[in-house]
There are 2 protein chains.
Amino acid sequence: MRGQETEPVPDVVVSRLPLYLRTLTFLAEEGAEIVSSAKLAGRLGLSPAQIRKDLSHFGEFGKQGSGYQVAYLRQKLQEILHLTRTWDVALVGAGDLGHALAHYGGFIDRGFRISLVFDNNPQKIGREVGGLTVLSTELMKAELRRRQIRVAIIAVPAAAAQKVADELVDAGVSAILNYAPITLNVPAGVNVQYMDPVVHLQHMTYYLEPPAQ
Amino acid sequence: MRGQETEPVPDVVVSRLPLYLRTLTFLAEEGAEIVSSAKLAGRLGLSPAQIRKDLSHFGEFGKQGSGYQVAYLRQKLQEILHLTRTWDVALVGAGDLGHALAHYGGFIDRGFRISLVFDNNPQKIGREVGGLTVLSTELMKAELRRRQIRVAIIAVPAAAAQKVADELVDAGVSAILNYAPITLNVPAGVNVQYMDPVVHLQHMTYYLEPPAQ
DNA sequence: TAGATTGTTAATCGATTAACAATC
DNA sequence: TAGATTGTTAATCGATTAACAATC
């Protein structure tokens with residue numbers, strides 16, 4: 001317990017909170033009303049102590065002897081992660097991946113809604129994707145500013161990604177989920193998360209025996 | 001330098017190697033022949049010392065005074081990550097995301113090839129996706145065994161993912177890239193990497209001011 | 001040679017874990 | 001009450017960084 005929030009919470013702790021939240025949602029769907037740090041840890045492959053320590057950065061949410069109320073902790077995590085509202089997200093790139101993201105039904109009940117789709121291909125501009133009309137990237141900056149969009153997803157080829165990132169930052173975006181296989185250069189204060197499947201596959205092949213073939 | 005490889009390399013080090021490799025490929029395309037740890041670090045937003053320390057787990061690849069030969073270090077990283085051959089990958093799930101992955105052109109020159117696509121939907125079985133015929137998941141175990149597939153991608157809804165994972169493991173798969181928003185339970189020796197866009201978006205909203213709206 | 005940069009050591013920093021008093 | 005589990009402290013563990021001799 002503490003009065004005013006002072007020490008910043010380590011980013012590695014923050015990165016686990018969405019996993020806790022996701023698991024709590026499952027537990028709630030399964031009808032669980034109470035969960036212990038041990039049970040939550042078992043689901044996630046973490047240690048109970050780590051979960052308790054992580055949560056202790058934000059307050060006291062459990063009860064000795066029983067554990068955490070699932071609905072309550074879930075609510076608290078949503079508040080901590082600023083998910084008590086829905087964030088409008090701009091999607092840049094209306095290719096195969098952009099289509100998949102625009103059609104993905106898993107955003108809305110976890111705090112996000114793709115509200116704008118951009119592409120620079122005249123063939124795609126004006127088409128409809130996931131209920132949205134694809135807009136020209138030339139309109140991007142103005143639209144993002146007007147709608148005060150803070151979150152964007154980059155789903156363009158690597159060669160175009162840095163330019164898109166620059167424009168997004170210029171338009172006031174400060175959270176970027178980047179599917180392009182390239183490290184982006186962004187100013188301090190802008191957060192980038194990376195989603196390159198090949199990077200994760202390559203990470204795993206390290207542990208695979210180089211097969212005979 | 002050491003004789004026989006003894007100490008295991010920390011996983012956090014392994015996780016950075018694909019990023020080094022990716023950046024070296026870019027540098028090679030840009031025509032760079034030599035790169036210093038400082039330049040590589042600048043590109044990646046890391047410290048030069050970290051890159052040198054990471055690489056030192058595997059050998060001595062640089063030259064005092066100049067740095068690393070791009071082509072040589074790239075080759076070495078490919079060998080370390082077992083990327084001197086192409087890995088056949090099974091894709092499970094032929095929905096929007098599965099389509100996007102099957103059509104993605106970025107796998108082949110980075111060591112992977114989607115060779116099999118499975119789905120349990122009779123509407124999809126027999127259809128063609130990215131040049132491959134969608135097979136029934138009922139054939140999965142036999143096909144994976146027969147072709148000795150070690151790497152798979154899960155692109156099915158969360159509700160189906162654990163069952164798919166169990167079947168993949170049973171079929172001998174030991175590296176799973178999981179797009180379903182759920183933590184998988186797998187035996188020791190099976191590696192899972194997660195790709196849940198919402199988890200990464202939620203990580204970032206922690207740092208965003210909860211907007212007025 | 002002088003300048004630059006590696007590979008490595010030791011110091012620092014930070015994260016995880018173990019343990020337990022508090023308490024439901 | 002007895003048993004269980006939290007929140008927290010201190011210890012441990014591991015990763016990052018700083019610094020520099022070696023050397024290209």
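Quick caveat, the model's predicted, so the values are computed rather than measured.
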Which of dT17(C), dG7(C), dT5(D) is nearest the side chain of Lys53(A)? It is dT17(C)

Send over the distance from Asp11(A) CG to dT16(C) P, rounded to a whole Å. 11 Å

From the candidates dG7(D), dA15(D), dT17(D), the one with an atom nearest any side-chain atom of Tyr68(A) is dG7(D)

Taking the inter-plane angle between the rings of Phe107(A) and Tyr104(A) on a 0 to 90° scale, is it parallel (under 30°), tilted (30 to 60°) or perpendicular (over 60°)? perpendicular

Rounded distance in Å - NE2 (His57(B)) to C1' (dT9(C)): 13 Å

For Arg113(A) and Thr86(A), run side-chain hydrogen bond (donor to acceptor under 3.5 Å, both in side chains): C-alpha distance rounded to whole Å, both residues' side-chain angles, the deciding distance at 0.1 Å, then the answer. CA-CA 7 Å; Arg113(A) 172 175 46 220; Thr86(A) 299; 5.0 Å; no

Using a heavy-atom cut-off of under 4.0 Å over every strand shown, decide if Pro10(A) touches base, sugar-phosphate, or nothing. sugar-phosphate

Please report the distance, rounded to the nearest Å, between CD in Glu7(B) and P in dA15(D). 11 Å

Under 4.0 Å between a side-chain N or O of Ser37(B) and OP1 or OP2 of dT5(C)? no

Per-nucleotide pairing state of DNA chain D [Watson-Crick or G-U, under 3.5 Å; [ ] pseudoknot-crossing; | other strand]: ..||||||||||||||||||||||

Does Ser66(A) have a side-chain nitrogen or oxygen under 4.0 Å from the phosphate oxygens OP1 or OP2 of dA4(D)? no

Could you tell me the separation between the CZ atom of Phe61(B) and the P atom of dT6(C), rounded to a whole number of Å? 14 Å

From the set dT16(D), dG7(C), dA18(D), return the single nucleotide nearest to any side-chain atom of Ala49(B). dA18(D)

Does any N or O in the side chain of His200(B) come within less than 3.5 Å of the main-chain N or O of Pro197(B), such that one atom is a donor and the other an acceptor? no

In whole angstroms, the gap separating P of dT17(C) from CD1 of Ile51(A) amounts to 11 Å

The residue, Gly65(B) or Val12(A), whose nearest nucleotide of DNA chain C is more 5′ is Gly65(B)

For a quick test of reading the model: is some side-chain N or O of Ser47(A) closer than 4.0 Å to OP1 or OP2 of dT16(C)? no

Could you state the CD-C1' distance from Glu60(B) to dT8(C), rounded to the nearest angstrom? 9 Å

Could you tell me how the ring of His82(A) sits relative to the ring of Tyr206(B): parallel (under 30°), tilted (30 to 60°) or perpendicular (over 60°)? parallel

Ser37(B) vs Arg52(B), side-chain hydrogen bond (donor to acceptor under 3.5 Å, both in side chains): CA-CA, chis, key distance, verdict: CA-CA 6 Å; Ser37(B) 59; Arg52(B) 296 202 301 276; 3.0 Å; yes

Kindly indicate whether the side chain of Arg150(A), heavy atoms from C-beta on, has any atom under 4.5 Å from the side chain of Val173(A). no

In Å and rounded to the nearest 0.5 Å, what is the CG to CD distance from Leu19(B) to Gln202(A)? 9.0 Å

Ignoring backbone atoms, establish whether Gln64(A) has a side-chain N or O less than 4.0 Å from OP1 or OP2 of dA22(C). no

Is the shortest side-chain N/O distance from Arg52(A) to OP1 or OP2 of dG7(D) below 4.0 Å? no

Once you round it to whole Å, what is the distance between P of dG14(C) and CG of Asp54(A)? 17 Å

Assess, by modelled atom type and distance only, whether the side chains of Gln162(A) and Asp166(A) contain a donor and an acceptor separated by less than 3.5 Å. yes

Could you tell me the separation between the CD atom of Gln50(B) and the P atom of dA18(D), rounded to a whole number of Å? 11 Å

